[in-house]
Structures are given as structure tokens and as C-alpha cells.
2 protein chains.
Amino acid sequence: MDADNHVEDLVNLVFEVTGRLRNGFNATASELGLPPAQALALTRLDAPAPMRDLAEWLSCDASNVTGIVDGLEQRGLVTREPSPTDRRVKFLVLTKAGERKRAELNTLTTTKATQLFKLPAGEQKQLRELLTKVLAE
Amino acid sequence: MDADNHVEDLVNLVFEVTGRLRNGFNATASELGLPPAQALALTRLDAPAPMRDLAEWLSCDASNVTGIVDGLEQRGLVTREPSPTDRRVKFLVLTKAGERKRAELNTLTTTKATQLFKLPAGEQKQLRELLTKVLAE
DNA sequence: AGCATATAGTTGAGATTCTCAACAGTTGAG
DNA sequence: CTCAACTGTTGAGAATCTCAACTATATGCT
């Protein structure tokens, strides 16, 4: 058996980074008066999308999305618009306020993450390439 | 303005990886009959620790820990033992079943994460070093 | 067309997670 | 001894999440 279990080390590192990232995100969400799940959903609403897509992005049950969108709707950030082609689906569309909130959220999130990942340009490039490879599966 | 906003790319990559990791972890937790938060807590109970420490590790309120530990206790995975030196604090100690569950959880989690991060040894080393640097503050 | 099957979203029930304010008991410093 | 700080709990209430059941709609098959 390998004396140096590098894989486990890597997993621990990734989990630590993940934890910090999550805390940072939840903090900025809270600053903007958003619960974590609603904030996360907001980041995915780049363009109008069916609720189904959101469910897949968030890897959760459709009924869960209903609740999250209810929250966003109550806050006046999104509206549910009927699809012209399929009367079952509802498109989620950001309101003006929703657009603004999304922009703020993105800015703050990127700022905070950038702060965490402040590395020399060369190493940032390395990191990007490695992660791209990981996701390429 | 920089035409190539690499930082944002990096942030997106990291968030994507984070999401997959979270989904994988929640799935294994579910396989073991554990809710996510309780599973996460279990991973930190390497050794007996005061509830306070757990609250810091999880970056959450003490009252939240009470609930999570209640769950773990109901499942027979941990017990609350009084500290011999400070009568305010309670140490969380894994039961036999708790030890087993924790071991299973760690194994499955590492396995799944390893699958995600299957890279040539050299690149894994690079990734480890980069992430270490990130965490070094 | 008619009919079976699949899909989108909602609802209700119930467990879990989380924050906040208030509290009891304990500790430790001045 | 007294006061401030700390540990864990409780209660209230919002939010998240899964599951099963349901409505309405769409699609494929014959």
C-alpha cells in the first residue's frame, strides 16, 4: 500500500477550498437578503429558462424548485411566464430588480472568490487548465 | 478592460467542481441513511471534540449544532460526554456504530472524489500544490 | 382518431437545516 | 464576590429538501 496517500490529501484540500467558497457565497447572499438556495438559483438565471432546467442545474427535485422560485417571486426578483410552445412549462424571467440583484451577487461572489484565489497569473492559468481537464471527465 | 476575464472563468470552474463534489457527497450520505449536515459533521469527528469546535468547523450557530447532534445521537452514532475539566462543555464521542459509519462514509467519499479527480500523477501533484498555496492564505 | 405513456409543475406531509433571541449553568478575571 | 464571557439548550419561525399523489399537457403508437 502506498505510504503517501496523495489522493486523500487532494480530496481534503478540495473539500477545504469548497467549504470556504460555500461560506463566502452564503455570506454574500445573506448580505443581499437572500437565502442560499435562492441566491444559487439566481446565479443560474442568466437567461429565461424553464423550471425543469433549474431543477437539473441544482440537482434537486422539481417540487423543491417550486419552493425556491416561490421565494424569488415573493421578493419580486423573477416572474413565471408561460411558454408559447408548451403549455406545461413556465419560463423563469428576471424582473428589473432581479437583474440588478443577480449582477450584484455575481460581482460580490467573483470578488470574494478572486480574493481567495489570488495567485500569480501563470499559476491561475495552470489551475484553470487542470480544473478544465477534471470537468472534461 | 481585459478582453479575457480569466478570473471569472476560474471562479466558474471552481463552482462547477464544487457542485459535483457536493452532489456526490450528498448521494453517498443518502446511501448511508444520513442527512447531509449530519454526514458532514461525522466527517469531522475524527476524535472526540466539544460541540463548540463542531460549530466552528461547520461555520454555523451553536444552536444548529444541537439539532445536528440530536440527529446523530438518535441514530446511535455519537454520545455527549461531559468534560472532566469544564462542566459547560460536552464532548462528542463516536459509538462503535458511529466509527463504522464514519469509516464507510470516508471510504465512499474518497472513492467518489478520486473518480472525479482521475488525473495523471504529475498533474495531481500540481493540483495539490496549487490548492495548498490557495489555502496558505 | 384513440389511447398509453411520459413530462412539467404543484400540493401536502414530514424530516432537516438554519438563524435569531432568550436563557441556565459555569467559568474566570478583576 | 461580582461581572462579563462562554457553552449548550430551547422556542419560534423561515427555508430547504424528499417523497407520493395529482392536474394538465404533450407525444408516440396503433
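So that the names make sense, note that chain A is the first sequence line, chain B the second, and so on, each numbered from 1. All values below come from the heavy atoms of this structure, side chains included, with hydrogens, waters and symmetry mates left out.
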Asker: On DNA chain C, does the nearest nucleotide to A:Arg22 precede the nearest nucleotide to A:Val89 from the 5' side, or the other way round? Give the residue.
Answerer: A:Val89

Asker: Measure from the side-chain N and O atoms of A:Lys101 to the backbone N and O of A:Leu32, and report whether any donor-acceptor pair falls under 3.5 Å.
Answerer: yes

Asker: Quickly work out the A:Glu73 CD to C:dT10 C1' distance and round it to whole Å.
Answerer: 13 Å

Asker: Any donor-acceptor pair, under 3.5 Å, between the side chain of A:Arg87 and the base of D:dT25, if you only look at N and O atoms?
Answerer: no

Asker: Separation of A:Glu56 atom CD from C:dT7 atom P, in whole Å?
Answerer: 11 Å

Asker: Do the side chains of A:Glu123 and A:Arg128 get close enough for a salt bridge, i.e. N-O under 4.0 angstrom?
Answerer: no

Asker: For B:Phe25 and D:dC17, what is the distance between atoms CZ and P respectively, to the nearest whole Å?
Answerer: 15 Å

Asker: Looking at A:Thr66, does any N or O in its side chain come under 4.0 Å of the phosphate oxygens OP1/OP2 on C:dT10?
Answerer: yes

Asker: To the nearest Å, how far apart are A:Lys90 NZ and D:dA26 P?
Answerer: 13 Å

Asker: How close or far is atom C1' of D:dC6 from atom CG of B:Asp61, stated in whole angstroms?
Answerer: 14 Å

Asker: I'd like to know if B:Ser63 reaches the base of C:dC20 with its side chain, counting only an N/O donor and acceptor under 3.5 Å.
Answerer: yes

Asker: Ignoring the backbone of A:Arg88, work out which of D:dT18, D:dA24, D:dG8 is nearest its side chain.
Answerer: D:dA24

Asker: Now, which nucleotide makes the Watson-Crick or G-U wobble pair with C:dG30, with each of the two distances under 3.5 Å?
Answerer: D:dC1

Asker: Spell out, yes or no, whether A:Val93 and A:Trp57 are grouped together once hydrophobic residues are joined by side-chain heavy atoms under 4.5 Å, including indirect joins.
Answerer: no

Asker: Does the side chain of B:Arg80 get closer than 4.0 angstrom to OP1 or OP2 of D:dT9 through an N or O atom?
Answerer: yes

Asker: Using modelled atom types only, decide if a donor and an acceptor are shared between the side chain of A:Arg80 and the backbone of A:Lys90 within a distance under 3.5 Å.
Answerer: no

Asker: Just checking A:Asp86: base, sugar-phosphate only, or nothing, at a heavy-atom cut-off of under 4.0 Å?
Answerer: sugar-phosphate

Asker: Nearest whole angstrom, please: distance from the P of D:dA12 to the CG of B:Asn64.
Answerer: 18 Å

Asker: Are B:Gln38 and C:dT17 close enough that a side-chain N or O sits under 4.0 Å from OP1 or OP2?
Answerer: yes

Asker: How would you label the contact of B:Arg75 with the nucleic acid (heavy atoms, under 4.0 Å): base, sugar-phosphate, or nothing?
Answerer: sugar-phosphate

Asker: B:Ala62 or A:Pro36: which one's nearest nucleotide on DNA chain D is closer to the 5' end?
Answerer: B:Ala62

Asker: Please determine, for the side chain of A:Pro35, which listed nucleotide (D:dT7, D:dT16, C:dT10) has the closest atom?
Answerer: D:dT16

Asker: Give the rounded distance in Å between these two atoms: CG of B:Asp70 and P of D:dG11.
Answerer: 12 Å

Asker: Verify whether one side chain among A:Thr18 and A:Glu16 offers a donor that lies under 3.5 Å from an acceptor in the other.
Answerer: no

Asker: Any side-chain N or O of B:Arg52 below 4.0 angstrom from OP1/OP2 of D:dT7?
Answerer: yes

Asker: Using a strict threshold of under 4.0 Å (side-chain N to carboxylate O), is an ion pair present between B:Lys125 and B:Glu129?
Answerer: yes

Asker: Between A:Pro50 and A:Ser30, which is nearer to the 5' end of DNA chain C once each is assigned its nearest nucleotide?
Answerer: A:Pro50

Asker: How many Å lie between CG on B:Leu92 and C1' on D:dT9, as a whole number?
Answerer: 14 Å

